[in-house]
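I have placed the structure first, in the form of structure tokens, so that the comments after it can refer back to it.
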Number of protein chains: 2
Amino acid sequence: MSARAPAPGAAAPAMTMSDIARLAGVSESTVSRALHDSALIAEATRRRVQQIARDTGFTINQTAASLRSRKSNLIAVLISLVHEKNQHVSDPFMMAMLANIADALSEAGYDMLLSKVSVHQEGWIEHVFRARQPAGAVLIGQSFEHASIERAARAGLPLVVWGARLRQQSYVTVGTDNVAGGALATAHLLASGCRRIVFLGKPELPEIALRLKGYRQAHREAGFAVAEELLVPCGFDPAAAAAACAGLAQGGLRFDGVVASSDVIAINAVRALRAVGRLVPEDVAVVGFDDVEMAAYVTPALTTVRQDLARGARLLVEKLLAVVAGQSVRSVVLPAELVVRETSRAAASHGSPRG
Amino acid sequence: MSARAPAPGAAAPAMTMSDIARLAGVSESTVSRALHDSALIAEATRRRVQQIARDTGFTINQTAASLRSRKSNLIAVLISLVHEKNQHVSDPFMMAMLANIADALSEAGYDMLLSKVSVHQEGWIEHVFRARQPAGAVLIGQSFEHASIERAARAGLPLVVWGARLRQQSYVTVGTDNVAGGALATAHLLASGCRRIVFLGKPELPEIALRLKGYRQAHREAGFAVAEELLVPCGFDPAAAAAACAGLAQGGLRFDGVVASSDVIAINAVRALRAVGRLVPEDVAVVGFDDVEMAAYVTPALTTVRQDLARGARLLVEKLLAVVAGQSVRSVVLPAELVVRETSRAAASHGSPRG
DNA sequence: TTGTAAGCGTTATCAC
DNA sequence: GTGATAACGCTTACAA
């Protein structure tokens with residue numbers, strides 16, 4: 001029921017290449033080449049060395065190998081949460097993103113190094129590269145770090161970012177078409193009769209700014225003006241969302257629709273509205289963003305803009321490996337898809353609603 | 001919109017300690033000591049060296065450091081999925097566990113290396129330790145790997161496992177009281193009137209075996225016999241669960257309750273039952289295991305046995321760091337808690353039901 | 001309090 | 001094809 005602390009050094013002293021070399025009667029260099037399937041090595045030697053390695057359970061020490069060769073099959077996944085005090089990795093969207101990347105990386109034969117950066121430090125990206133020598137890095141979310149990312153990318157560090165494609169950025173992004181997503185959500189509410197639609201989110205974040213742009217665009221196209229008092233700031237973490245939504249429900253603001261910048265926010269909004277006796281979707285229709293797994297299961301089921309994370313993660317990894325390989329790579333914008341469920345009424349017309 | 005592939009070597013040639021040493025007019029060893037706040041170094045020297053390091057954005061190359069010192073602040077998180085072909089990291093339970101561990105590790109100042117092992121290889125645990133030199137490893141789930149884990153632990157590798165505490169194991173585990181959990185779920189159904197309760201799960205897995213033990217125990221204590229045909233094998237991945245549950249719903253088996261070995265299985269069971277017109281909880285009451293976030297949101301909301309993952313993750317990390325530090329550490333069994341929601345009727349009595 | 005020098009386990013370079 | 005030998009960037013006796 002209790003485990004002895006392992007005596008320091010109790011672990012079998014790990015084999016090294018020189019051990020294998022001795023056992024095989026060859027030099028270390030030959031062992032190295034044989035284990036890497038070098039074309040230089042004689043077939044027989046290769047086989048013998050590999051057999052011995054297998055029998056003895058020898059594993060190349062990647063720490064040493066990557067120190068010398070300046071290569072590694074490690075990919076860093078960087079989560080920047082400087083903009084949110086309370087957003088943990090356990091945020092449903094982050095979790096899903098992470099899991100999908102983990103699956104994609106492990107299929108590609110890479111190990112994944114997870115670093116959560118919560119304090120902004122100059123050069124934190126460079127820091128990770130220098131400290132751990134990953135082959136490349138995936139950043140989840142631009143947060144407020146556009147400048148840092150830009151600098152790291154210009155310095156030649158191989159990285160790929162999940163987020164918004166911005167003008168003149170020199171790093172590769174993979175992300176959803178946020179403008180279209182915001183427009184889709186808004187047009188849907190307008191088409192179903194809403195006229196005063198709250199936008200819940202932090203437009204300081206690049207992705208949210210684009211969704212808001214879509215919100216404005218949909219209003220313009222439908223011939224409606226945007227009432228600026230309906231733009232309500234709201235963070236991603238559950239507490240911030242709950243607070244903002246409670247304020248929304250109780251405040252004197254008049255509104256009949258909500259476009260939230262994430263599903264977590266949307267779900268909190270629905271809850272807050274119902275708590276003060278407003279019916280969803282009859283009094284207020286709500287649309288989320290992300291389509292996290294939960295969205296389909298809540299009651300009423302959440303209408304939302306779907307981001308295809310499985311595809312996004314695969315693309316992130318694919319693009320990153322191309323960047324690492326020195327290829328020229330283009331950013332990708334994935335289509336946004338509206339998933340209509342129960343927090344909104346089906347629109348009369350599904351086409352782009354003009355008036 | 002497109003990013004140039006970084007010219008090889010475009011990245012600023014990383015500074016090394018010898019650069020810092022030159023700039024500071026001291027030796028490399030002094031730099032090393034200064035950066036590690038060694039008591040040996042003169043305060044003035046320490047300050048000067050640290051200042052230069054900060055100004056130049058120097059970061060210790062952990063790859064080199066850990067090669068030399070045989071230490072690292074990297075913790076490997078190993079997910080063994082050999083028992084499930086289709087269980088991805090994106091499984092809700094895995095995701096939640098992972099996210100919680102990531103949060104706990106980053107709070108403790110450790111980076112996390114994620115390795116998903118899906119092909120069983122002799123000595124895979126030793127392999128990771130040799131290849132990456134982590135300070136320690138957290139294993140999520142024992143799967144069928146008890147023997148491998150046991151061997152690695154005996155070899156002195158610092159590791160901690162989420163899973164079942166077994167007799168005479170020499171590794172440390174943190175996990176839920178699975179026997180109590182299984183008993184709690186079963187007793188609840190018996191108390192609410194169920195008499196033929198299906199157990200859905202793979203008893204070959206240590207944790208499931210214990211939950212099944214609890215299932216039997218609850219029957220015994222309530223004075224009922226267990227009908228062996230009600231023990232239905234079922235894997236964790238959604239496809240396997242759906243298949244097993246569909247079979248369950250359509251087969252000629254007579255039953256009025258289900259104890260599932262995970263929430264994902266339980267939710268699939270509910271869905272399958274409703275699809276063939278059986279009412280939950282009126283015709284069949286269902287209890288899950290885990291209390292994943294979704295459980296509270298599905299309709300009808302799932303009655304389940306809660307595992308406290310936030311606490312579990314914190315304990316895993318805490319225990320592992322103690323093991324790494326060479327302390328003697330005891331396994332932990334966390335209490336299981338029944339959360340009654342809508343897929344079961346509230347029991348007449350909440351005490352241990354004897355008859 | 002600081003410097004010198006050896007070496008962690010691998011791979012790259014050059015010679016044979 | 002194979003083997004010496006010298007790094008990679010750091011830590012750590014041991015010396016001073």
Side-chain angles (χ1 to χ4, degrees), chain A residues 8-9 11-50 53 56-74 127 129-133 135, chain B residues 8-9 11-50 53 56-74 126-127 129-135:
Chain A
M15 284 242 156
T16 72
M17 278 199 179
S18 89
D19 296 318
I20 305 296
R22 198 169 344 97
L23 290 172
V26 294
S27 72
E28 285 183 55
S29 351
T30 299
V31 173
S32 174
R33 289 191 275 248
L35 294 180
H36 285 285
D37 290 319
S38 158
L40 290 169
I41 246 61
E43 178 59 17
T45 314
R46 192 183 63 71
R47 266 224 267 281
R48 189 157 41 89
V49 170
Q50 291 192 351
T56 55
F58 172 76
T59 306
I60 291 181
N61 179 333
Q62 300 293 348
T63 305
S66 82
L67 173 60
R68 176 65 236 235
S69 68
R70 302 166 154 300
K71 276 180 245 161
S72 79
N73 62 147
L74 185 67
H127 179 93
F129 272 93
R130 282 211 256 274
R132 295 285 182 203
Q133 316 255 75
Chain B
M15 286 242 157
T16 71
M17 276 198 180
S18 87
D19 296 317
I20 304 296
R22 200 169 343 94
L23 290 173
V26 295
S27 72
E28 284 186 54
S29 23
T30 300
V31 172
S32 173
R33 290 191 273 248
L35 293 179
H36 285 286
D37 290 320
S38 158
L40 290 170
I41 247 60
E43 177 61 15
T45 313
R46 190 183 64 72
R47 267 224 267 280
R48 189 157 40 89
V49 170
Q50 292 193 351
T56 56
F58 172 76
T59 306
I60 291 180
N61 180 332
Q62 300 293 346
T63 307
S66 83
L67 173 60
R68 175 61 233 238
S69 68
R70 305 165 154 295
K71 275 180 248 163
S72 79
N73 61 148
L74 186 66
E126 289 86 343
H127 179 94
F129 271 93
R130 282 211 258 272
R132 295 285 180 201
Q133 316 254 73

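Proteins come first, then strands; the chains are lettered A, B, ... in the order of their sequence lines, and each starts at number 1. As the structure is a prediction and not an experimental result, all values here were calculated from the model.
Taking the side chain as every heavy atom from C-beta outward, A/L35 and A/F58 approach each other to under 4.5 Å. Between A/T63 and A/L67 there is no side-chain heavy-atom pair separated by less than 4.5 Å.
A close approach under 4.0 Å does not occur between any side-chain nitrogen or oxygen of B/R70 and OP1 or OP2 of D/dT11. Between A/S27 and D/dG3 there is a side-chain polar atom (N or O) within less than 4.0 angstrom of OP1 or OP2. A sub-4.0 Å separation between OP1 or OP2 of D/dT12 and a side-chain N or O of B/S32 is absent.
Closest to the side chain of A/S29, out of D/dT5, C/dC14, D/dC10, is D/dT5. Residue A/L67 has its side chain nearest to C/dG9 when only C/dG9, C/dT1, C/dA12 are considered. Considering only side-chain atoms of B/R33, the nucleotide from D/dC8, D/dC14, D/dT2 that sits closest is D/dC14. Ranking C/dT2, D/dT12, C/dT11 by closeness to the B/S69 side chain, first place goes to D/dT12. Among the nucleotides D/dC8, C/dT1, C/dA6, the one closest to any side-chain atom of B/R68 is C/dA6.
In this structure, CG of B/L40 is placed 15 Å from P of D/dC14, rounded to the nearest angstrom. Here the P atom of nucleotide C/dG9 and the CZ atom of B/R132 are 17 Å apart, to the nearest Å. Note: CE (A/M17) to P (D/dG3) measures 14 Å, nearest angstrom. B/E28 has its CD atom 8 Å from the P atom of D/dC10, to the nearest Å.
Here A/Q62 lies out of heavy-atom contact (under 4.0 Å) with every strand.
Among A/Q133, A/R132, A/R130, the single residue meeting the side-chain contact (heavy atoms from CB on, under 4.5 Å) criterion with B/N61 is A/Q133.
In this structure, the side chain of B/T45 does not engage the main chain of B/I41 through any donor-acceptor pair within 3.5 Å.
If you check the side chains of B/S29 and B/S32, you find no donor sitting under 3.5 Å from an acceptor.
DNA chain C is contacted by both B/I41 and A/H36; B/I41 maps to the nucleotide lying nearer its 5′ end (nearest heavy atom per residue).
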